[in-house]
Amino acid sequence: PFSLKIKPFFVGKVMKLSTKAEEVATFFAKMLDHEYTTKEIFRKNFFKDWRKEMTSEEKSTITSLSKCDFTHMSQYFKAQSEARKQMSKEEKQKIKEENERLLKEYGYCVMDNHKERIANFKIEPPGLFRGRGNHPKMGMLKRRIMPEDIIINCSKDSKIPAPPPGHKWKEVRHDNKVTWLVSWTENIQGSIKYIMLNPSSRIKGEKDWQKYETARRLKKCVDKIRNQYREDWKSKEMKVRQRAVALYFIDKLALRAGNEKEEGETADTVGCCSLRVEHIKLHPELDGQEYVVEFDFLGKDSIRYYNKVPVFKNLQLFMENKQPEDDLFDRLNTSILNKHLQDLMEGLTAKVFRTYNASITLQQQLKELTNPDDNIPAKILSYNRANRAVAILCNHQRAPPKTFEKSMMNLQSKIDAKKEQLADARRELKSAKADAKVRRDEKSKKTVESKKKAVQRIEEQLMKLEVQATDREENKQIALGTSKLNYLDPRISVAWCKKWGIPIEKIYNKTQREKFAWAIDMAEEDYEF
């Protein structure tokens with residue numbers, strides 16, 4: 001049992017909590033070092049939900065969160081975490097074996113007579129809701145999911161999994177029109193969560209392949225669509241003009257469509273259709289360019305989008321007589337835009353534009369940046385630079401890793417040591433050459449050859465380390481994974497690897513190779529997106 005130190009202003013008092021209240025307190029204690037626990041909205045939501053779990057005696061004693069001292073609990077969990085790190089090899093192996101046993105028992109299903117891996121077969125544990133950015137519900141209690149919340153979806157003739165003793169499932173249904181196996185409704189947003197098949201499964205792979213084929217269809221008609229929306233900028237109808245400008249933003253800036261959201265339910269994030277007047281500034285002239293629009297808003301997951309684009313006078317018209325909080329595109333919403341996109345091409349959505357522009361950018365950048373004479377590490381740097389161009393287009397950012405400075409220093413000291421090693425090797429080669437000049441025998445000739453090879457080997461190792469440092473520095477605030485997994489046709493990367501003799505594992509890790517097995521089999525070196 002934990003004791004929670006309640007600190008009245010004058011005297012410390014240790015209090016044993018009831019089981020429910022204690023569990024919720026531990027969720028807060030585990031996050032004590034996190035910035036979240038300093039945020040007013042997080043603390044307010046947490047305290048409100050924590051009080052719901054308290055006994056009446058606890059409620060009357062614990063009246064303010066600021067008087068509670070969670071450090072005792074926090075230290076307990078830090079010690080536990082430290083103990084896990086110090087585990088022996090045997091103990092770690094035991095845990096690994098247990099996890100493998102669970103995976104064997106629960107991690108597979110049979111679909112259309114094929115054994116398939118299930119992605120997330122463990123239910124999310126209870127905890128405190130975090131949300132992205134300034135989410136109004138952060139700090140609320142995510143409740144424990146009980147069997148009575150769970151809907152199982154399987155075929156009629158299958159062996160229905162048994163609920164834990166003394167419990168029953170909410171429902172067992174047999175719906176073969178959907179791809180999920182289990183679903184439940186979470187209590188914070190009221191959204192439905194699912195257990196699905198692994199990305200490497202046939203059904204997910206086919207869906208992935210279709211997504212890129214739709215983007216390739218867009219390639220055939222994109223010029224026509226671009227000419228059309230440029231024409232529509234001059235339309236007499238305001239609705240058509242707004243739609244054309246929005247489409248230009250989606251195409252050129254890779255903005256998301258921006259669905260309407262309920263106020264107060266989520267953080268204030270927007271996309272193209274939901275942009276407000278306050279999110280853009282017009283500059284008749286900026287940095288030597290005419291008619292520049294400056295964007296500044298929070299997009300999906302509260303990631304800031306900031307960009308300056310030379311653009312035209314239409315936006316001035318859309319902003320006339322409007323307040324900062326008014327919609328920029330007041331005659332447009334996502335359903336109007338999506339209907340128009342469907343008319344332009346079957347299956348066309350804003351996401352298809354993102355996928356198309358991301359993939360085509362990767363393909364063009366790889367052609368431009370790959371130097372046939374480079375060695376493998378330098379070619380991989382070119383690949384990562386091409387991937388970075390896509391991540392910048394899609395605004396995939398990350399906070400610099402906490403360990404960034406330290407790992408860069410470690411890498412720099414490795415580089416310095418390697419330079420010293422190279423200087424030594426060169427000195428040795430020089431003296432071996434001088435020695436061979438005097439001796440002129442076979443043995444000294446061989447020594448010169450082996451010293452030469454040593455110098456070359458160290459030069460290659462040094463170059464590899466320097467390339468790594470450049471790559472890390474350029475990648476400091478850019479997230480490559482999102483585009484690699486979701487927006488880039490993997491066949492482009494596979495074809496590039498095959499063309500230049502780069503091992504695929506240098507580009508895709510094991511999980512990614514499983515997800516993209518279809519592309520690795522399908523694409524030859526001449527594949528064109």
Side-chain angles (χ1 to χ4, degrees), residues 19-20 23-24 27 45 49 52-53 98-132 135-211 259-262 264-267 300-301 334-335 349 351 485-486 511 514-515:
T19 312
K20 274 184 171 180
E23 184 184 36
V24 177
F27 299 154
N45 286 335
D49 276 6
K52 289 177 194 167
E53 305 301 314
E98 175 57 14
N99 287 338
E100 280 169 3
R101 187 191 66 76
L102 287 174
L103 177 67
K104 256 188 185 147
E105 190 175 345
Y106 298 106
Y108 293 90
C109 70
V110 176
M111 185 165 179
D112 297 341
N113 298 318
H114 287 278
K115 189 179 179 184
E116 299 271 27
R117 265 284 294 274
I118 297 169
N120 50 332
F121 61 90
K122 290 180 181 175
I123 287 280
E124 292 172 20
L128 303 182
F129 177 71
R130 299 183 182 198
R132 308 276 175 120
H135 201 291
K137 294 189 171 184
M138 63 164 75
M140 285 175 70
L141 175 63
K142 279 200 317 188
R143 303 200 165 281
R144 178 173 275 103
I145 309 300
M146 300 302 285
E148 286 71 15
D149 301 315
I150 294 287
I151 300 172
I152 300 277
N153 186 30
C154 58
S155 53
K156 283 179 183 167
D157 56 355
S158 64
K159 181 175 171 282
I160 296 164
H167 289 278
K168 58 182 196 301
W169 304 125
K170 179 180 180 180
E171 188 192 333
V172 175
R173 64 172 72 157
H174 315 292
D175 183 356
N176 61 4
K177 305 269 188 301
V178 295
T179 61
W180 55 266
L181 314 168
V182 170
S183 83
W184 69 93
T185 305
E186 55 87 37
N187 66 294
I188 307 278
Q189 310 266 64
S191 61
I192 301 174
K193 298 268 190 170
Y194 299 101
I195 287 182
M196 304 261 198
L197 290 183
N198 205 38
S200 64
S201 60
R202 182 184 60 87
I203 200 157
K204 292 281 186 193
E206 277 178 7
K207 212 174 164 193
D208 223 22
W209 171 66
Q210 281 164 357
K211 174 175 78 178
N259 293 300
E260 294 77 35
K261 301 189 308 185
E262 279 181 54
E265 285 298 302
T266 56
K300 184 182 174 187
D301 294 339
T334 39
S335 48
T349 63
K351 189 177 179 179
L485 279 180
N486 301 309
T511 314
E514 285 172 3
K515 176 181 163 96

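We're numbering straight along the sequence, starting at 1.
- In this structure, the side chain to side chain donor-acceptor pair (under 3.5 Å) partners of Ser155, at least two apart in sequence or on a different chain, are Asp157.
- Looking at Glu124 and Ile145, their side chains never come closer than 4.5 Å, going by heavy atoms from C-beta outward.
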Walk me through it: do Asp149 and Arg143 pass the test side-chain contact (heavy atoms from CB on, under 4.5 Å)? CA-CA 11 Å; Asp149 301 315; Arg143 303 200 165 281; over 6 Å; no
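- Pairs passing the ring pair (Phe, Tyr, Trp, His ring centres under 6.0 Å) check and including a residue from residues 144-176, sequence neighbours excluded, do not occur.
- Nearest heavy-atom pair across Met196 and Ile118 is O-CG2, 3.4 Å.
- In terms of heavy-atom proximity, Ile160 sits nearest to Cys154 at CG1-SG, 3.9 Å.
- Going from atom NZ of Lys122 over to atom CG of Leu103 covers 9.0 Å, rounded to the nearest 0.5 Å.
- Annotation: Lys52, atom NZ; neighbour count of heavy atoms from other residues, nucleotides and ligands within 6.0 Å is above 12.
- Taken to the nearest 0.5 Å, the CZ atom of Phe129 stands 7.0 Å off from the CD atom of Glu186.
- You'll find the side chain of Leu141 stays beyond 4.5 Å of the side chain of Asn187, heavy atoms only.
- With sequence neighbours left out, the side chain to side chain contact (heavy atoms under 4.5 Å, CB included) criterion links Glu105 to Arg101.
- Side chains of Pro199 and Thr511 form no contact here, defined as non-hydrogen atoms less than 4.5 Å apart.
- Taking the side chain to side chain donor-acceptor pair (under 3.5 Å) definition, one finds that Asn486 meets it with nothing, sequence neighbours left out.
- In this structure, the separation between CD1 on Ile195 and CD1 on Ile123 is 4.5 Å, given to the nearest 0.5 Å.
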Intermediate values then yes/no, side-chain contact (heavy atoms from CB on, under 4.5 Å), Val110 and Ser158: CA-CA 9 Å; Val110 176; Ser158 64; over 6 Å; no
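- The CE atom of Met138 sits 12.0 Å away from atom CD1 of Ile188, with the distance rounded to the nearest 0.5 Å.
- At a threshold of 4.5 Å between non-hydrogen side-chain atoms, the residues Asn153 and Arg173 count as touching.
- The CD1 atom of Ile150 sits 9.5 Å away from the OG1 atom of Thr185 when rounded to the nearest 0.5 Å.
- Remark: Tyr106 engages Leu102, Phe121 in a side chain to side chain contact (heavy atoms under 4.5 Å, CB included) (not counting sequence neighbours).
- Met140 contributes atom CE, which lies 5.0 Å from atom CG of Asp49 (distance to the nearest 0.5 angstrom).
- Applying the side-chain hydrogen bond (donor to acceptor under 3.5 Å, both in side chains) test to pairs two or more places apart or on separate chains, those with a residue in residues 109-121 are Asp112-Arg202.
- Within 6.0 Å of atom NZ in Lys170, 12 or fewer heavy atoms from other residues, nucleotides or ligands are found, so the atom counts as exposed in its surroundings.
- The two residues Pro136 and Asn45 have their closest heavy-atom pair at O-ND2, 2.9 Å.
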